[in-house]
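Right, one structure below, let's go through it.
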Amino acid sequence: MVQATGLTVLGATGSVGVSTLDVVARNPGRFEIVALTAHSDHEGLLAQCREHRPRYAVLVKDAAADQLEAALRREGLDTSVLRGEQALADVAAMPETDVIMAAIVGAAGLLPSLAAARAGKRILLANKEALVMSGAFFMQAVADSGGEIVPIDSEHNAIFQSLGGQRACRDRGVRRIILTASGGPLRERPAREFARVTPAEACNHPNWDMGAKISVDSATLMNKGLEVIEACWLFDVSPDQVEVVVHPQSLVHSMVEFEDGSVMAELGHADMRTPIAYGLGFPQRIESGLPPLDFCGLPPLTFEPVDTDKFPCLALGIRAARDGGRMPAVLNAANEVAVALFLDGAIGFDEIPGLIEATLANFEPGSDADIEAVLATDRRARELAKSAAQARKRRPA
């Protein structure tokens with residue numbers, strides 16, 4: 001009998017984490033859940049502990065951890081509760097864990113993902129910020145430890161599959177990587193109306209079911225800017241080899257064009273269980289729970305260029321990719337602050353790109369010396385973004 005794979009899910013109660021556990025449940029006996037983690041959703045984590053019986057459950061917030069611990073004790077479940085940010089890194093590096101699903105959203109996912117990389121784990125990378133913020137350090141840690149990355153973002157997973165389950169583009173005859181974008185919920189909305197866009201409208205994605213932060217990134221197209229940076233690190237290509245096209249149907253998840261003119265593409269439902277199942281089973285294929293595509297019933301597949309005047313966040317992301325060094329980390333930090341302020345009603349949707357650009361203007365391209373310096377850059381960029389937002393508020397109408 002094949003030994004079960006030890007799996008830890010970082011960000012278990014988020015959309016990717018929930019989909020991961022759905023795929024796990026469809027493949028009984030294949031995986032043993034070592035640890036499940038969340039920020040503060042103790043009720044969601046309790047439900048997952050009941051079903052999946054992990055050895056460990058981690059909550060960052062102490063009060064939430066106390067409530068989970070008490071509930072597990074009442075129900076007689078023997079899952080051990082750990083708490084705090086360091087515990088995330090600890091479970092990511094545990095010897096009994098073979099595979100990490102890195103699905104914590106934003107910069108908070110960097111250190112636990114990096115701990116997994118240093119420990120030589122297979123990392124199913126759904127947290128693009130780990131590479132956006134610290135691509136050089138992250139990729140070096142993977143190389144030094146003998147670890148492995150399988151990208152889970154639907155776009156990068158599609159590229160990985162199109163390359164035959166490999167990441168290296170060098171000496172493979174790759175001309176360019178083509179990232180597809182749905183265009184988001186505001187694709188057909190005139191830019192002059194962006195000042196009136198509400199958080200609910202920005203999060204109302206036409207094709208994908210995602211969390212609020214990622215949904216707003218899709219609405220601004222910043223997600224594509226971040227994905228350009230991630231693709232450069234994952235596949236060892238320059239920003240000029242990565243192109244973004246709008247594909248409203250979200251059926252072609254990305255493409256690779258080769259020097260001979262051939263184009264390899266991955267098609268599938270707009271459902272994260274496909275790339276998740278690919279990553280969990282790699283190099284084998286396992287059940288995802290999705291029905292076959294009905295090709296005769298599909299809508300026409302269309303492609304169109306991106307309007308970066310209307311969606312300047314993509315242009316900012318590409319510029320940060322070209323500048324390199326600390327600039328992608330600054331971009332990410334400013335974007336996280338801007339999106340949080342928009343979701344809180346403190347700034348308008350149309351103010352997001354300006355706030356990011358103002359923050360970028362405070363930094364010079366250049367590389368940080370170590371991961372501590374990266375984190376310091378992240379903190380400073382967040383402070384400057386918040387200050388810029390306050391300054392905008394104080395301006396006379």
*Just wondering, are more than 12 heavy atoms of other shown residues or ligands nearer than 6.0 Å to CD in E188?*
no
*First locate atom CZ of R118, then atom CZ of F137, and finally report the distance between them rounded to the nearest 0.5 Å.*
9.5 Å
*asked:* In the structure I gave you, are the side-chain heavy atoms of I152 and M272 within less than 4.5 Å of one another anywhere?
replied: yes
*Hey, is R83 close enough to D66 for a salt bridge, meaning N to O under 4.0 Å?*
yes
*asked:* Let me check something: do M264 and V245 share a hydrophobic cluster, defined by ILVMFWY side-chain heavy atoms less than 4.5 Å apart, either directly or through other members?
replied: no
*Value rounded to 0.5 Å, distance of CD in E148 from CD1 in I123*: 9.5 Å
*Are the side chain of N127 and the backbone of G106 linked by a donor-acceptor contact shorter than 3.5 Å?*
yes
*Can you name the residues that form a ring pair (Phe, Tyr, Trp, His ring centres under 6.0 Å) with F282, not counting sequence neighbours?*
F160, Y278
_Shortest non-hydrogen separation from R382 to A107 and the atoms involved_ = NH2-CB, 3.2 Å
*Is there a side-chain contact between T274 and E266, using heavy atoms and a 4.5 Å cut-off?*
yes
*Tell me, do V252 and I178 make a side-chain contact under 4.5 Å, heavy atoms counted?*
no
*Electrostatic pair K128:E230 at N-O distance under 4.0 angstrom*: no
_With a sphere of 6.0 Å drawn around CD of E96, does it hold more than 12 non-hydrogen atoms of other residues, nucleotides or ligands?_
yes
*Judged by atom type as modelled, is there a donor-acceptor pair below 3.5 Å linking the side chain of D153 to the main-chain atoms of H156?*
no
*asked:* Using a strict threshold of under 4.0 Å (side-chain N to carboxylate O), is an ion pair present between R53 and D78?
replied: no
*asked:* Taking atom NZ as the centre, does K61 end up with more than 12 heavy-atom neighbours from other residues, nucleotides or ligands that are less than 6.0 angstrom away?
replied: no
*Heavy-atom closest pair, residues V18 and T13*: CG2-O, 3.8 Å
*N-O pairing of E227 and K224 below 4.0 Å*: yes
*Taking every non-hydrogen atom, the tightest pair across L45 and V58*: CD2-O, 3.6 Å
*Say whether N207 and S182, considering side chains only, have a donor N or O and an acceptor N or O under 3.5 Å apart.*
no
_Treating R326 as the side-chain partner and E364 as the backbone partner, does any N or O pair qualify as donor plus acceptor under 3.5 Å?_
yes
*Would you name the heavy atoms of N362 and A358 that are closest together and state the gap between them?*
ND2-O, 2.9 Å
*Is a donor on one side and an acceptor on the other found under 3.5 Å between the side chain of H247 and the backbone of T302?*
yes
*asked:* Looking at every non-hydrogen atom in both residues, tell me the closest pair between V91 and T97 and how far apart they are.
replied: O-OG1, 3.6 Å
_Would you say that I356 contacts C313 through its side chain, given a criterion of any heavy-atom pair below 4.5 Å between the two side chains?_
yes
*Interatomic spacing from CG in D378 to CG in N332 - rounded to 0.5 Å*: 7.0 Å
*Counting only N and O atoms by type, is there a donor-acceptor contact under 3.5 Å from the side chain of N27 to the main-chain atoms of R30?*
no
*Ignoring hydrogens and angles, tell me if any N or O in the side chain of D271 forms a donor-acceptor pair with the backbone of R273 under 3.5 Å.*
yes
*Going by heavy atoms in the side chains, are T220 and V339 under 4.5 Å from each other?*
no
*Side chains of N157 and H253: does their closest heavy-atom pair fall under 4.5 Å?*
no
*Is a side-chain N or O of S134 found less than 3.5 angstrom from the main chain of A130, in a donor-acceptor match?*
yes
_Inter-residue atom distance L360.CG - D323.CG, 0.5 Å rounding_ = 8.5 Å
*Answer with yes or no whether the side chains of S262 and D260 bring together a donor and an acceptor at under 3.5 Å.*
yes
*Could you tell me whether E304 and R187 have a side-chain N and a carboxylate O separated by less than 4.0 Å?*
yes
*State plainly whether the residues E257 and R175 are in salt-bridge range, i.e. N to O under 4.0 Å.*
yes
*Rounded to the nearest 0.5 Å, what's the gap from CG on L280 to OG1 on T5? Could you check?*
9.0 Å
*Are the side chain of E357 and the backbone N or O of G354 linked by a donor-acceptor pair below 3.5 Å?*
no
*Distance (rounded to the nearest 0.5 Å) between F235 CZ and L163 CG*: 6.0 Å
*Do the side chain of Q67 and the main chain of H42 share a donor and acceptor less than 3.5 angstrom apart?*
no
_Side-chain heavy atoms nearer than 4.5 Å, only ILVMFWY residues, links allowed to pass through others: does that put L59 and L10 together?_
no
*If Ile, Leu, Val, Met, Phe, Trp and Tyr residues are connected whenever their side-chain heavy atoms lie under 4.5 Å apart, and connections chain through other members, are L343 and I352 in the same group?*
yes
*For S250 and T180, what are the C-alpha separation, side-chain angles and deciding distance, and is it a side-chain contact (heavy atoms from CB on, under 4.5 Å)?*
CA-CA 8 Å; S250 294; T180 56; over 6 Å; no
*Within the side chain of T359, is there an N or O that forms a donor-acceptor pair under 3.5 Å with the backbone of L355?*
yes
_Sub-4.5 Å side-chain heavy-atom contact between M101 and I276_ = yes
*Can you list the steps and then say if L331 with M222 is a side-chain contact (heavy atoms from CB on, under 4.5 Å)?*
CA-CA 10 Å; L331 174 90; M222 177 56 85; 3.6 Å; yes
*Hey, any chance I149 and V174 share a hydrophobic cluster, counting ILVMFWY side chains that come within less than 4.5 Å of each other, even indirectly?*
yes
_same_hphob_cluster(V237, L314) at 4.5 Å side-chain heavy-atom cutoff_ = yes
_Classify the ring geometry of F194 against F311: parallel below 30°, tilted from 30° to 60°, perpendicular beyond 60°._
tilted
*Check the pair Y56 / D90 against side-chain contact (heavy atoms from CB on, under 4.5 Å), numbers first and verdict last.*
CA-CA 11 Å; Y56 303 97; D90 292 342; over 6 Å; no
*Passes side-chain contact (heavy atoms from CB on, under 4.5 Å), L88 versus L111? Steps please.*
CA-CA 8 Å; L88 298 175; L111 291 181; over 6 Å; no
*Do E201 and R196 sit within salt-bridge range, that is, some charged N less than 4.0 Å from a carboxylate O?*
no
_If you define the side chain from C-beta out and look only at heavy atoms, does anything of S40 sit under 4.5 Å from V60?_
no
_Under the criterion salt bridge (Lys or Arg N to Asp or Glu O under 4.0 Å), I'd like the reasoning laid out for K213 against E129: C-alpha separation, chi angles, the key distance, then a yes or no._
CA-CA 13 Å; K213 192 268 181 184; E129 289 81 7; 3.5 Å; yes
_Nearest atoms (heavy-atom pairs only) where F363 meets L384_ = CE1-CD1, 3.7 Å
